[in-house]
Amino acid sequence: MSVASRQDTGFVRAALGHPAFLAGLALTALFVLAALISFLWTPFDPEKMQIAAKLQSPSAEHWFGTDHFGRDVFSMLMVGARVSIAVAFVAVGIGIGFGVPLGLYAAANRHGLIDEIVMRGNDLIFAFPSLLLAILITAVFGPGAVNAIIAIGIFNIPVFARLSRGAALSLWTREFILAARVAGKGSTRISVEHILPNLMNLLIVQGTIQFSLAVLAEAGLAYVGLGAQPPTPSWGRMLAEAQTFISLAPHMALFPGLAIVLTVLGLNLLGDGLRDLHDPRLRRSRA
Amino acid sequence: MILYFLRRLTALLLTMFAASIVVFLVTEIIPGDPASFMMGINADPQAVAALRTELGLDQPVATRYLAWLLGMLQGDFGQSYTYKVPVSELVGDRIMVSLPLTLYALALSTLIAFPAGVISAARRNTTADFAVIGATQLGVAIPNFWFAMLLVLAFAVNLHWFSAGGFPGWDAGFLEGMKALTLPAVALALPQASILARVMRSSLLDTLDEDFVRTARAKGLTRSQTLWRHALRNALIPVLTIVGLQFSFLLAGGIIIENVFYLPGLGRLVFQAITQRDLIVVRSVIILLVFAVVAVTFLVDMAYAAADPRLRRRPR
Amino acid sequence: MTVLSVRDLALTIGDTPILHDIDLEVKAGEILGIVGESGSGKSLTALSIMQLLPRASRWTGGIEVAGNDVGKMSEKALCSMRGRDVAMIFQEPMTALNPVHTIGHQIAETILIHGECSRRQAGERAAALMNRVGLDPERISPNRYPHELSGGQRQRVAIAMAIALRPKLLIADEPTTALDVTTQAQILDLLRSLVRQDRMGLVFITHDLAVISNLADRIAVMREGRVVEAGATDEVFREMRHPYTRALFSASAHVPDRSPVIKRQGEPVLAVRDVVREYPRPRRSLFQAANPFRAVDGVSLDIRYGENVGLVGESGCGKSTLARAILALDRLQQGEILINGQTFSEAGSGPDMKQRAGVQVVFQDPYASFNPRHPVRRLIAEPLYLIENAPEGAEREARIVRALEEVGLEASDADKYIHEFSGGQRQRIAIARALIIEPSLIVLDEAVSALDVSIRAQILDLLAGLSERLGISYLFISHDLSVVRSITDRVLVMREGRIVEEGPTEEVFLAPRHAYTKMLIAATPTLRERSA
């Protein structure tokens, strides 16, 4: 126990000495917090139109101004964070939930039928440029947040399947896995007991990065009208609407864009930071 | 080498084949009856029946799939339901915008990323390195369509250097065409260039840590000679994969960017078709883009073999 | 003429002092051996001379190469010194050459970079150099890539690159450590003759006292960043003034005390019968599947209760594949393997899990052998999984403690994690893990090869004691003949998948019958006998 806690304090100390990681953590926390608070409180009703107050620049009353229907941009951003984060979270969850077991199974039964199917399936999904798959799905099933989640989620499955398969394959050749086999353990047990815990760092780092890509993808889909449908506010659609008024009310385009950039930036910094902190080589050099 | 080539070629054909099945399933089977899907709920039953015959929906699935596949091999993608012209014509016009845009952006991305990545790695932990790291960190976080809007705001609305959108057509002259594609290409390229520069930097740094780099230094090569003669070519091998992937990203990203700039490319075509439920156009554009991506992946595999002698001898 | 003179060299990296007061001198045509265990600073001494130190390092003192003070040289001057006046060969022939350039190009590059001659002449000189290092350009084309050559051939290419401009000083950092003994002997002969012909000074860095005793004119013994003893080789070996030198010497020649009790009658602990292991080979032609590669080709052997059997052979001979087969990690293509007379694994069917508890293993790499996320308690208890009605609670704890104490560790070590232990301690934990279910046989696959000599001697003593006390048999697999000789009763010599010679260890070593065994023994460096 003492050792585990010693490891933990080492991690905390290293984290405190890593400004990029801290910045990423702060930015991510900021947006998650905004999304959570929006359930309880927003400065204005984000769906309420007040044509009289349309296209106002930022002011003390409307911090980020109003849009072409007089809706409060700040409030819309808070609720939009909810959509972005929820879509990205579930989509990455789908990717991990299906991809990791597939990858582990494929690695444990290398050259088996499932391995072959997983790898060819990967190739197939990667052949569809990311958005194209989403477009195809929404073209048939209709636009909406759920279909966006499915479309982004499907694209995440091969990412995690390939990642965990590759890492697991190299772990399978390690001597401690051979020792577990000599101790009579079967491949499922070894996968759960030895392989998965040693993939955790990698999965957390990649999960963070995929999360940020999913936020970008969701914004893109919403921008072309294939994401969450009105009146639910979403960052991507806010940008699409802002485009018409770009010279008249540039603040309408500025703030949702910044929200996306800062969320993605925060997640990327967080992911990079986690990787640095988990890399024993870097940690030793910091100590 | 020939074995490797044939192996990759087989994989290429298989992937294309599988992709065509997926696209066919999604657009022909999942909607149930594509004819009533395309005409909407309130359509006249007789008109739906007519469309069903026109589409050949009374025939078995396998026959329809084969007919579609064989048609495509001969360049016949069917007839657009809304425009009433052959899809190949529609696509042929639009691809003359989308493909140049993608290649333009790919060229920009590569031209920006390579020097940035090399400088950053060669001058590790200097101001130049930190500048590249910071810029790329920001670059990967920016949605390209938002960046496009900012470019329009700055260079079209305020400075009037470029027009805010539209495409004069190649008939207006090559330079005019390229000028119209410049802002879209920059918007597409910068986020991808950030990714590429980061990969280039880390790949080069990894390579500079290798034993053979130390051997080269022990022979008397200077730091920069080692970088150019020994590290760079080895570092490029993983970068090639990313360049291949970028083609796919740029092609897909182009679909969105074309909407920002009102460019008459495949992206606009496909979104109009989605609104009009023109499944035939949707599936044709998608299958074409997939084929393009798979073909580029194949080219990257070949470039891999050319760059890495270890692959030439021993096929995996 | 002095080609290298190092005076009061001190080195720090970051805030960590690495080297202290190093003094070395090498004359033309002289071989200086630097010997020391890992972490003694011998490689960083070499890199100081080359001025290829890591970025955060600072050094003081004087280094003169061929009469020039390197401390006063610009980076440009240093570049023209490297490769021309002083050259270096590294340990890993697999990674020391650039994989995307041909070997001819890489040899010629040394000549071209120093502007000696035209590109075409450089090509011709590269071919001549290949000849000189024993690579016939007629047979091994300069247009080949490094991955197409064997380890020994690559090391010859590295030597050709180093001697291209006839440097006055050559530094070789463990150049033969990664090679087989027969290849090692050839490379050592080559270096020796090149030094004599060109009257180069050679600094030869190694951990292996036996290699250096047969090669060097003078030696320097390093420990913890200091030269603890230096002098003419004969003198150092005769006098051994410093206790560390004596310790190193006795550890290198260490033979554990053993009085084995071997039961010759009854079922053997391990019986291997006509075992064949094949690997599929990659296809070379489109129309014809390649014949599988036969890594183990009809091997039979017995190990008796309490007996230590050695299996020696060079890399690629199939000894590790045979070990995996005996552990039933891979399926057999032919033959069968019996543990205590019961079938454990046979061609056509998977291993019989009931027999698994009879055989355990210790691997080479003390770092890769443990899951870094589990505490030692869980690591060594893992094989208990094999026992039906495995002990629980206090009884389980007692077994864990007993296993730890058997290998010289303490009960409190059970709560620690593996990264808190040194390489030697980790190997003890690996042995504890193998012991915990009291197997009849432990396979030791290069189990002491990664350890420094002093640690190795301790582990050998431990193994010898355990075998006698607990009546465990060993299959001791190693490329290192002297280790096998010190701890085994019987030895098997393996080559190209077959056992070519077998017999009581001392008989085989004193009177080898097979030509291959004779060659192996002749190539193995031994500490020179010196009268005290």
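Just so we're on the same page: letters track the sequence lines, and every chain starts at 1. Hydrogens, waters and symmetry mates play no part in the numbers below; they use all other heavy atoms, side chains included.
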Sort by residue number and list every member of residues 129-139 of chain B having a non-hydrogen atom under 4.5 Å from chain A.
-> B:Q137, B:L138
Compare all side-chain heavy atoms of A:L226 with those of B:F271 and state whether any distance is below 4.5 angstrom.
-> yes
If one checks every heavy atom of A:I137 against chain B at 4.5 Å, the contacting part turns out to be neither
Does the side chain of A:L124 reach to within under 4.5 Å of the side chain of B:F17, using non-hydrogen atoms?
-> no
Of all of B:I274, B:I256, B:V282, which one pairs up most often with chain A through heavy atoms under 4.5 Å apart?
-> B:I256
Answer whether the closest heavy-atom distance between the side chains of B:M149 and A:I246 falls below 4.5 Å.
-> yes
Using side-chain contact (heavy atoms from CB on, under 4.5 Å) as the criterion, point out the one residue from B:V294, B:I286, B:L289 that pairs with A:F128.
-> B:I286
Given a strict heavy-atom distance threshold of 4.5 Å, which part of A:I125 is in contact with chain B: side chain, backbone, both, or neither?
-> neither
Taking the side chain as C-beta and beyond, is there a heavy-atom pair between A:I260 and B:W146 under 4.5 Å?
-> no
Does some side-chain heavy atom of B:N259 sit less than 4.5 Å from a side-chain heavy atom of A:Q243?
-> no
Are B:I255 and A:L132 close enough, and set up right, to give a side chain to side chain contact (heavy atoms under 4.5 Å, CB included), and what steps lead you there?
-> CA-CA 9 Å; B:I255 292 179; A:L132 214 56; 3.5 Å; yes
Sub-4.5 Å side-chain heavy-atom contact between B:V260 and A:Y223 | yes
